[in-house]
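First comes the structure, then the notes that go with it.
Residue numbers begin at 1 in each chain, while the letters A, B, ... track the order of the sequences. Predicted model only: the values in this text are computed from it and were never measured.
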Protein chains: 2
Amino acid sequence: MNQTKRKDAKASKPLSRIQEANRKAILDAALDVFATSGFRGATIDAIAARTGMSKPNLLYYFKSKQQIYQQVLEQTLEDWLAPFEAIDPEGDPVEELRRYITAKLEMSSKRPEASKLFANEILHGAPVVGSFLETTLKDLVTEKTKVIRHWVGEGKLAPIDPYHLIFMIWATTQHYADFDIQIRAVAGSQAGRPGFSEQAAQAVLTIILNGIKPR
Amino acid sequence: MNQTKRKDAKASKPLSRIQEANRKAILDAALDVFATSGFRGATIDAIAARTGMSKPNLLYYFKSKQQIYQQVLEQTLEDWLAPFEAIDPEGDPVEELRRYITAKLEMSSKRPEASKLFANEILHGAPVVGSFLETTLKDLVTEKTKVIRHWVGEGKLAPIDPYHLIFMIWATTQHYADFDIQIRAVAGSQAGRPGFSEQAAQAVLTIILNGIKPR
DNA sequence: CATTTGCTTGACCGTTTGGTCAAAATGAAC
DNA sequence: GTTCATTTTGACCAAACGGTCAAGCAAATG
């Protein structure tokens with residue numbers, strides 16, 4: 001029964017059906033808990049309660065709270081980055097950025113927990129994703145700044161600093177997820193209305209795209 | 001009964017010289033600790049260590065960790081709001097907004113801890129400042145949206161939604177404080193150079209102001 | 001000087017929480 | 001059924017942490 005197919009001790013894990021389901025349930029619950037309470041504020045018990053499992057059972061699937069956190073974060077980063085990678089150097093600048101901003105705003109509205117989780121991580125010094133930021137993300141951003149600079153060179157965009165344009169898009173799109181409570185408190189009835197997030201997207205697009213169009 | 005000379009709401013403490021100095025030292029240390037570790041992550045011991053006092057001594061001046069947190073937050077909110085209140089309805093729109101954005105970016109660069117403290121509070125559901133957001137801040141924002149709408153009506157600004165303009169400014173200016181680690185990681189050498197924050201201010205102003213100028 | 005009041009702290013307590021462990025339940029294979 | 005591996009948990013431990021308290025120290029006050 002110990003063929004290459006069944007149970008490999010170290011290299012890779014076949015992952016039984018039960019394991020796969022439980023792991024996923026745990027990571028889903030953990031995302032919520034970590035996002036609302038932060039790493040320190042979250043407790044294994046809280047995550048366990050949310051999945052209906054016992055605490056030791058969580059630690060049967062993941063060896064520590066840290067590890068759960070890392071995996072949730074890792075999983076989140078991929079989604080977070082995908083639309084950024086998708087910016088096409090060959091496409092029309094305004095159209096590409098419109099697509100990117102729209103995608104990010106949609107993510108903020110649909111999965112604010114992911115955004116909050118990430119915000120928390122960065123806010124506390126990026127202890128886990130720090131090296132990722134300095135390598136993968138940095139390279140990716142460098143690449144995109146070249147694209148933007150190329151667009152500017154062609155006269156398709158106003159002469160703006162690519163870094164700050166990117167930061168500004170990140171800032172704005174994340175804000176709607178991370179600060180949603182403040183937004184709801186301040187905008188009051190406005191924010192409750194259906195179509196509010198579409199309206200937000202429209203306003204953000206208007207300002208940024210007008211701001212970077214060549215004059 | 002109550003002489004109205006002291007600013008005290010509780011009508012008891014004249015506050016000795018020593019008390020005033022120690023209270024301030026504690027609040028200063030607490031700002032740093034809360035900003036970098038969050039409420040849950042911060043410990044009274046850490047704050048005490050930073051002031052050179054003992055833990056019981058902190059609790060002699062403030063009755064609980066919560067109370068320290070509240071006072072730090074309260075103190076921070078005032079600074080945070082001041083430049084927003086200062087937006088002058090009679091002034092030139094572009095000039096007023098330039099002043100506001102510049103002031104906020106400067107705060108982000110000089111006192112990022114204050115910004116981080118606030119971000120953390122909101123991110124975790126605004127348990128302490130929630131009611132403040134729904135009353136004072138909401139009223140203030142409503143007032144400023146009217147000013148912006150008036151400017152738009154006069155044709156001095158492009159027709160943009162005032163709420164989203166405000167959110168966008170908040171988002172962007174806070175981003176440079178709250179996500180400074182990500183910015184430094186991604187921008188690398190750029191961010192280290194002197195004048196980086198001035199450059200950031202220039203870029204942000206360019207995009208937003210161009211974005212809202214009437215065409 | 002003595003006395004009162006304000007300031008400071010070492011030692012301690014109760015609770016929370018991350019993590020362990022041995023044993024029980026469940027399931028799979030024969 | 002029996003046997004063996006996987007999954008689950010109650011009970012427990014050690015460390016961390018918020019907070020208390022009684023006693024010590026300092027500084028005014030007389």
- request: Name the nucleic acid region contacted by Ile44(A), choosing base, sugar-phosphate or nothing; use a 4.0 angstrom heavy-atom cut-off, strictly under.
  value: sugar-phosphate

Walking DNA chain C from its 5' end, the first of Pro56(B) and Arg17(B) to be reached, judged by nearest nucleotide, is Arg17(B)

With a 3.5 Å cut-off and just heavy-atom distances, do the side chain of Lys63(A) and the base of dG19(C) make a donor-acceptor pair?
no

Self-check item: side-chain N/O Asn57(A) vs dG10(D) OP1/OP2, d < 4.0 Å
Solution: no

Gln67(A) atom CD is separated from dG19(C) atom P, nearest whole Å, by 10 Å

Taken to the nearest whole Å, CD1/Ile18(B) to C1'/dA26(D) is 9 Å

message: Whether Gln19(A) contacts dT6(D) is assessed here as follows: a side-chain N or O lying under 4.0 Å from the phosphate OP1 or OP2. Is that the case?
response: no

Item to complete: Using only heavy-atom distances, determine whether the side chains of Gln199(B) and Tyr163(A) contain a donor-acceptor pair under 3.5 Å.
Response: no

Here the distance between atom P of dC13(C) and atom CG of Leu59(B), to the nearest Å, is 18 Å

- prompt: For Phe62(B), which contact category applies under a 4.0 Å heavy-atom criterion: base, sugar-phosphate, or nothing?
  reply: nothing

Closer than 4.0 Å, any side-chain N/O of Arg40(B) to the OP1 or OP2 of dT16(C)?
no

For dG19(D), does the base pair up with any side-chain atom of Lys65(B) as donor and acceptor (N or O, under 3.5 Å, distance only)?
no

Exercise. For Ala42(B), report the nucleic acid contact type (base, sugar-phosphate, nothing); a contact means any heavy atom under 4.0 Å.
Key: sugar-phosphate

When rounded to whole Å, the OH to C1' distance for the pair Tyr69(A) and dG19(C) reads 20 Å

Here the distance between atom P of dT26(C) and atom OH of Tyr60(A), to the nearest Å, is 16 Å

So what does Thr43(A) touch, heavy atoms closer than 4.0 Å: a base, only the sugar-phosphate, or nothing? sugar-phosphate

Between CG of Leu58(A) and C1' of dT9(D) the distance, given in whole Å, is 12 Å

Rounded to whole Å, CG of Asp45(B) lies from P of dG19(D) at a distance of 12 Å

**Asked** Without hydrogens or angle criteria, can the side chains of Gln67(A) and Gln71(A) be said to hold a donor-acceptor pair below 3.5 Å?
**Response** no

Quick one, Glu95(A) with Arg98(A), criterion salt bridge (charged side-chain N to carboxylate O under 4.0 Å, His left out). Give me CA distance, side-chain angles, the key distance, then yes/no.
CA-CA 5 Å; Glu95(A) 199 42 55; Arg98(A) 159 174 289 129; 3.4 Å; yes

Applied to residues 121-148 of chain B, the ring pair (Phe, Tyr, Trp, His ring centres under 6.0 Å) test, sequence neighbours excluded, yields none

### Task
Indicate whether the side chain of Trp80(A) and that of Gln75(A) have a donor and an acceptor atom separated by less than 3.5 Å.
no

Atom NZ of Lys55(A) and atom C1' of dT20(C) are separated, to the nearest Å, by 10 Å

Taking dT8(D), dT9(C), dG19(C) as options, the one with an atom nearest any side-chain atom of Met53(B) is dT9(C)

